[in-house]
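Letters A, B, ... are given to chains in the order of the sequence lines, protein chains preceding strands, and every chain is numbered from 1.
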Amino acid sequence: MDTLSLNKGEKRDLVFIDTPDLDLHVLQAEDSVLRLFVLDFHSANNILHIDHKAPRCTTEIYHLAFLHGADSVSTHTRMHHEHGEGISRQLIKFVLDDTSKGNFLGELVIKPDAQQVDAQQTNRNILLSKTATMRTRPQLEIYADDVKASHGATTGQLDESALFYMQQRCIAPDDARKMLLRAFIMDIVEKFPESEDLSVTIDRIIEQGQ
Amino acid sequence: MQTTLLEIRNLHASIAGKQILKGINLTIHAGEVHAIMGPNGAGKSTLSAVLTGNPQYEVTEGSVLLNGKDLLAMPPEQRAREGVFLSFQYPVEIPGVSMVNFLRTAMNEKRKYAGLEPLSATAFLKLMREKRALLNMADKLNNRSVNEGFSGGEKKKNEILQMAMLQPCLSILDETDSGLDIDALRVVAEGVNRLKSPDNASIVITHYQRLLDYIIPDFVHVLADGQIVKTGDKSLALELEKNGYAEFE
């Protein structure tokens, strides 16, 4: 496990691309801002544990897993708000092809002293084949009463009606699928620092899905 | 001599095993506007879905020729590239795909099929500005995702804009008037009228006569229980408005 502390007021971006076993524990001091980017194209186990050790911390987690073959990614976020006025945003997406597997456990804890916390957790997943599987478990534990906390999880296929609409506008089904997949993942990819450098990788991974 | 654009012969189609179209015959020449009216459940939207190749429907009998080519043998995107355009009753929202990217891809696919060079980004945007001006539409929607968060009226106008850009030979307007207020209806109808030419034709599917005050049809067909049971000129639409569909149900 890697433990890392953010000082008072410190802003830090952490980027992990295709890191097979990520076991990270971050302790945040007052007014610190952590942005965590995790991109997986192959099997991985991720534990992302963040503790707000002081008031007014901000954490943003952007995580995308795009898998082919029999790869599997398991991601466990542990977002612990121990102090007040903290903000957390988690956007987590899985795209699963072939017989790949995704597993997301989103633990969000707001301790009794953590008043006026604003926490969001969003998990969206697309299954590209009938044999891919996704398991998602949001787990919210809220012990403070003056907080905003929301979570949402959806798993589905590419929108058939959108595919037909695009075909009716001259676009071949393969190209339509690629456009829809790109649209699905870009809101995460665009958040990455130096996201332009990722575009070749993203193109390749979308192409591979065909 | 009139050029035959579309020839529908004895068309039968079903969805999930239920027979909806039960022998449609219809010939459309270049330059004509055909209105298809009828009670709910008559098969109006099924006809548009079958002509455009919606995979939910199965053609069980009959043939459709577009400019002499077997339309039913083509996948949906090829029908579109051949010039069949459907203005959807419920245009689909595509989050994350911008209008500009979507429509430019569509245009260039059609151009490629016709053996033309792709349009540059600049040429495309210029054309889009021209068409928007022609149709009296604001260009604030360009950078938004396709149909996402559009009002009902904006969605229908956006369909007409796409029609103007793609310049189809056969436009099918499926219940374009549903959910439109009178101002939006007028914009949509004027757009359709401006795009009318001796080389193209339209099928206007509607439940109400209202739209036909603005788009004057050459022929009005009544579709009931999967067949065209009556054909007339625009006065038939007025008659239907007065008497309803009771005699066909």
Side-chain angles (χ1 to χ4, degrees), chain A residues 39 62-64 66 91-95 122-128 130 152-192 195-196 198-199 202-203 205-207 209-210, chain B residues 48-49 51-57 74-114 116 118 145-148 155 158-159 161-163 165-168 170-172 174:
Chain A
L39 196 50
Y62 300 99
H63 175 37
L64 170 68
F66 198 134
L91 181 58
I92 286 137
K93 291 187 173 183
F94 282 70
V95 180
T122 307
N123 173 225
R124 304 257 175 270
N125 313 302
I126 284 190
L127 304 178
L128 294 177
K130 288 200 168 86
T154 56
T155 300
Q157 282 92 38
L158 284 180
D159 181 355
E160 288 294 327
S161 60
L163 283 173
F164 180 68
Y165 187 71
M166 294 168 91
Q167 278 181 275
Q168 217 306 299
R169 297 298 184 260
C170 308
I171 303 170
D174 277 0
D175 295 329
R177 270 185 216 107
K178 283 182 215 167
M179 286 173 82
L180 290 179
L181 274 181
R182 178 175 293 276
F184 180 73
I185 65 176
M186 278 325 264
D187 61 345
I188 288 194
V189 173
E190 279 167 1
K191 290 282 195 317
F192 275 64
S195 60
E196 302 81 26
L198 279 172
S199 65
I202 294 296
D203 286 345
I205 218 78
I206 289 177
E207 204 65 42
Q210 297 302 313
Chain B
S48 69
L51 292 177
T52 51
N54 189 319
Q56 293 184 323
Y57 294 85
M74 301 175 193
E77 66 276 15
Q78 192 183 350
R79 301 182 195 198
R81 293 168 189 171
E82 286 280 350
V84 177
F85 179 92
L86 172 62
S87 171
F88 283 67
Q89 182 175 5
Y90 304 108
V92 182
E93 300 193 5
I94 313 178
V97 176
S98 77
M99 253 326 284
V100 168
N101 181 23
F102 171 69
L103 195 48
R104 194 173 157 218
T105 306
M107 296 259 323
N108 283 337
E109 287 296 339
K110 188 170 184 192
R111 291 176 65 89
K112 189 164 82 185
Y113 186 74
L116 300 169
S145 293
V146 179
N147 293 322
E148 193 185 26
K155 282 181 184 168
N158 194 37
E159 295 290 282
L161 174 72
Q162 293 177 50
M163 183 173 126
M165 293 291 283
L166 289 163
Q167 296 190 296
L170 178 69
S171 306
I172 305 165
D174 189 2

Fill in: Side-chain heavy-atom pair B:Asn101, A:Met179 within 4.5 angstrom cut-off
yes
Fill in: Which of B:Lys110, B:Gln162, B:Lys112 touches chain A most, by non-hydrogen pairs under 4.5 Å
B:Gln162
Worksheet, complete the sentence: Tightest non-hydrogen contact, residues A:Phe164 and B:Pro55, listed as CD1-CD, 3.7 Å
Worksheet item: Do you know which of A:Met186, A:Met166, A:Arg182 has the most heavy-atom pairs with chain B at a distance under 4.5 angstrom?
Response: A:Met166
Item to complete: Under 4.5 Å, counting heavy-atom pairs only, tell me which of B:Met107, B:Arg79, B:Gln78, B:Arg81 racks up the most with chain A.
Response: B:Arg81
Practice prompt. Check whether B:Phe102 gets within reach of chain A through its side chain, its backbone, both or neither, counting any heavy atom under 4.5 Å.
Written response: both
Worksheet entry | Any A:Gln168 side-chain heavy atom under 4.5 Å of B:Phe88 side chain | yes
Discussion item. Which atoms of B:Phe85 are under 4.5 Å from chain A, going by heavy atoms: the side chain, the backbone, both sets, or neither?
Written reply: both
Worksheet item: A:Gln167 and B:Ala80: which non-hydrogen atoms are nearest, and at how many Å?
Response: O-CB, 3.7 Å
Practice prompt. Mind jotting down which residue pairs meet the salt bridge (Lys or Arg N to Asp or Glu O under 4.0 Å) criterion with at least one end in residues 156-171 of chain A? Sequence neighbours excluded, please.
Written response: A:Arg169-B:Glu159
Practice prompt. Compare every heavy atom of A:Ser161 with every heavy atom of B:Val92, then report the nearest pair and how far apart it is.
Written response: CG2-O, 3.7 Å
Worksheet, complete the sentence: Residues B:Ile94 and A:Ala162: closest non-hydrogen pair is CG1-CB, 4.3 Å
Worksheet item: About how many Å separate CG of A:Asp175 and CD of B:Glu109, when rounded to the nearest 0.5 Å?
Response: 5.5 Å
Response to the item:
Answer key: most heavy-atom pairs under 4.5 Å with chain A among B:Gly96, B:Ala106, B:Pro168 is B:Ala106
Worksheet entry | Segment of B:Asn147 engaging chain A (4.5 angstrom heavy-atom cut-off) | side chain
Fill in: Enclosure of B:Tyr90 OH (heavy-atom neighbours >12, cutoff 6.0 Å)
no
